[in-house]
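Protein chains get the first letters and strands the later ones, always in sequence-line order, with residue 1 at the start of each.
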Protein chains: 2
Amino acid sequence: MSAEAAARRPVRRTRRGDEKSEQIRLAAAEMFLERGFDGVSLDEIVKAVGGSKANVYTHFGNKEGLFAAVVEGLCEGFLASVVAIDASGLSPEEGLARLARALVETLLQDRHLAFHRLMIAESGRFPALGRVWFESGPETSRRALARFVAAQQRAGRLDAGDPHRAATLFHDMVTFNLLVRAMLGDRPSEGEIGQTIDAAVAVFLRGYAGRSIIP
Amino acid sequence: MSAEAAARRPVRRTRRGDEKSEQIRLAAAEMFLERGFDGVSLDEIVKAVGGSKANVYTHFGNKEGLFAAVVEGLCEGFLASVVAIDASGLSPEEGLARLARALVETLLQDRHLAFHRLMIAESGRFPALGRVWFESGPETSRRALARFVAAQQRAGRLDAGDPHRAATLFHDMVTFNLLVRAMLGDRPSEGEIGQTIDAAVAVFLRGYAGRSIIP
DNA sequence: TGAATACCATACCGTACAGTACTATTTGGG
DNA sequence: CCCAAATAGTACTGTACGGTATGGTATTCA
């Protein structure tokens, strides 16, 4: 994890080497997602991807270095579809609902649930990775929501005080319960998802329709 | 974990035996909280508490059985101070703020953060334990909030539709962001905690002051 | 008190894992 | 084409762990 851990890179970068380390990263990602850091051995990874264990060490230094590379790769990508949404032409109701819907659909994917679990589980052992994840995950979602809130404020359709704080409240109303329940294997139904989003949108808009009382 | 896992109990229960298994559970709890299921070996636990490894097996069957006993013991206790609060005499503002404050103070304790991390981490491997935790944790908090909301509704001071749904939204606004950040080692300041609670209370009350539009 | 049995101490078994050593083979830039 | 370096293959080391076996000691209950 620390600077020298991932330092034993091959001294000469080659196309083949990049491809190989990419293969290792991708295969390791799926296995870590499925069984956690301790649940996967390097021997398994090597067996799955082919090649030799020594080569893993030349690319990633050690198991923790490989894990860090895997996590950093996974951090990007999950929220791309949410961030790409342009809701600027929609009403506050429609925009919030649309963003919330996309967010929930992303978060409840099995792959993301596994990733979320992995990050919470290992953020004690890898605090730096935990922070990378927080920025590229929850904070990225909240910023996307905050951009929409700020735009609606500029258009005079919302009075929400600090847009990021308001976006955080909305984000958390929409995601927390659904996310935790899905992580425990009790997948929320479509109906429940819709009701949660509708309720969150309603509370949010009623709370921020008039002049804000939030400092 | 399954039925026969924890079945190899001592055939004769004695005071000494109960004390011993209690000691084992308590010592193991602290170690599991600190380092997770895989991070603790039975040899360590035995060394910490004294006695013999074989005896751990007669009491708990195997490592998973010990873990289950530990978790079930930990589930009770964290939220006792929150559930005990009687806010019935307070205004909606004061009552919600008081409950939220107590809840956050409980959730942000190091011991609880470790417990939360442990449950998320291991809920994949121990789904039954995950459900026990969900009921005795987040759901218990939400029910306590829902009782207060329902009482305020009966008194005509709130119109929040389904109290449990409203309580869930409030609970999640108050806890999610603070909890995740604290779990990542970025402990929120007192000021941030206060602002989060104030903002959540304000949005909630403005959202539910008038006639509810929530189905 | 005495027999049943819970508990202690310790050694042990089989397995699994991170990481290394070393040789053979393949690749790729000069 | 050639040689330095990357990769493959594989064997190995040391360690750690879950779980069992055994034989002796302390408790408990009748």
S.K.: In whole angstrom, what separates A/Phe60's CZ from D/dT7's P?
M.R.: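 Computing the A/Phe60:CZ to D/dT7:P distance gives 10 Å.
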S.K.: Using 0.5 Å steps for rounding, measure from the OG atom of A/Ser41 to the CE atom of A/Met31.
M.R.: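 Result: 7.0 Å between the selected atoms.
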S.K.: Find the distance B/Lys47:NZ to D/dC17:P and express it as a whole number of Å.
M.R.: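 Going from B/Lys47 (NZ) to D/dC17 (P), I get 11 Å.
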S.K.: Output one letter per nucleotide in nucleotides 5-14 of chain C: B when a protein non-hydrogen atom lies under 4.0 Å from the base, S when only the sugar-phosphate is that close, - when neither is.
M.R.: -SSBB-----
S.K.: In terms of side-chain geometry, is the basic nitrogen of A/Arg25 or A/Asp18 positioned less than 4.0 Å from the acidic oxygen of its partner?
M.R.: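 Looking at A/Arg25 and A/Asp18, the cut-off is not met.
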S.K.: Looking only at non-hydrogen atoms, find the nearest pair between A/Ala114 and A/Leu33 and report the distance.
M.R.: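 Of all heavy-atom pairs spanning A/Ala114 and A/Leu33, the closest is CB-O, 3.4 Å.
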S.K.: Would you check if A/Arg187 and A/Asp110 make a side-chain contact, meaning some heavy-atom pair closer than 4.5 Å?
M.R.: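 Yes; the side chains approach each other to less than 4.5 Å.
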S.K.: Could you tell me the separation between the CG atom of B/Leu66 and the P atom of D/dG19, rounded to a whole number of Å?
M.R.: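 Computing the B/Leu66:CG to D/dG19:P distance gives 11 Å.
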S.K.: Looking at B/Phe176, I'd like to know if the NZ or CZ of A/Arg142 sits under 6.0 Å from its six-membered ring centre while staying within 45 degrees of the ring's axis.
M.R.: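 Because its charged atom sits under 6.0 Å from the ring centre and within 45° of the axis, A/Arg142 does stack over B/Phe176.
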S.K.: Starting at atom CZ of B/Phe67, determine the distance to atom P of D/dG18, rounded to an integer number of angstrom.
M.R.: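 Computing the B/Phe67:CZ to D/dG18:P distance gives 13 Å.
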S.K.: Give the rounded distance in Å between these two atoms: CG of B/Asp43 and P of D/dA16.
M.R.: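 Spelled out: CG on B/Asp43 to P on D/dA16 is 11 Å.
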S.K.: Rounded to whole angstrom units, what separation is found between the CZ atom of B/Arg125 and the P atom of D/dG18?
M.R.: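 It is 11 Å, rounded to the nearest whole Å.
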S.K.: For a 4.5 angstrom cut-off between non-hydrogen side-chain atoms, does A/Leu178 reach A/Leu107?
M.R.: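 SC-SC contact between A/Leu178 and A/Leu107 ruled out.
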S.K.: Given the rule in the ring pair (Phe, Tyr, Trp, His ring centres under 6.0 Å) test, do B/Phe60 and B/Phe67 qualify, once you have shown the distances and angles that lead to the verdict?
M.R.: CA-CA 9 Å; B/Phe60 299 101; B/Phe67 185 70; over 10 Å; no
S.K.: Give the ring-plane orientation class for A/Trp133 versus A/Phe115, where under 30° counts as parallel, over 60° as perpendicular and anything between as tilted.
M.R.: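 Taking A/Phe115 first and then A/Trp133, their aromatic rings stand perpendicular (interplane angle over 60°).
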S.K.: Side chain of A/Glu44 only, please: which of C/dG19, C/dC17, D/dG18 is the nearest?
M.R.: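 Nearest to the side chain of A/Glu44 among the choices is C/dC17.
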S.K.: Nearest 0.5 Å please: distance from the CG atom of B/Leu96 over to the CZ atom of B/Phe170.
M.R.: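 The distance works out to 4.5 Å.
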S.K.: To the nearest Å, how far apart are A/Ile45 CD1 and C/dG19 C1'?
M.R.: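 Rounded to the whole Å, the gap is 14 Å.
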S.K.: In whole angstroms, how far is the C1' atom of C/dA18 from the NZ atom of A/Lys63?
M.R.: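 Going from A/Lys63 (NZ) to C/dA18 (C1'), I get 8 Å.
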S.K.: For DNA chain C, determine which residues of residues 23-41 of chain B have any heavy atom closer than 4.0 angstrom to one of its atoms, and list them numerically.
M.R.: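 Heavy-atom contacts with DNA chain C come from no residue of residues 23-41 of chain B; none.
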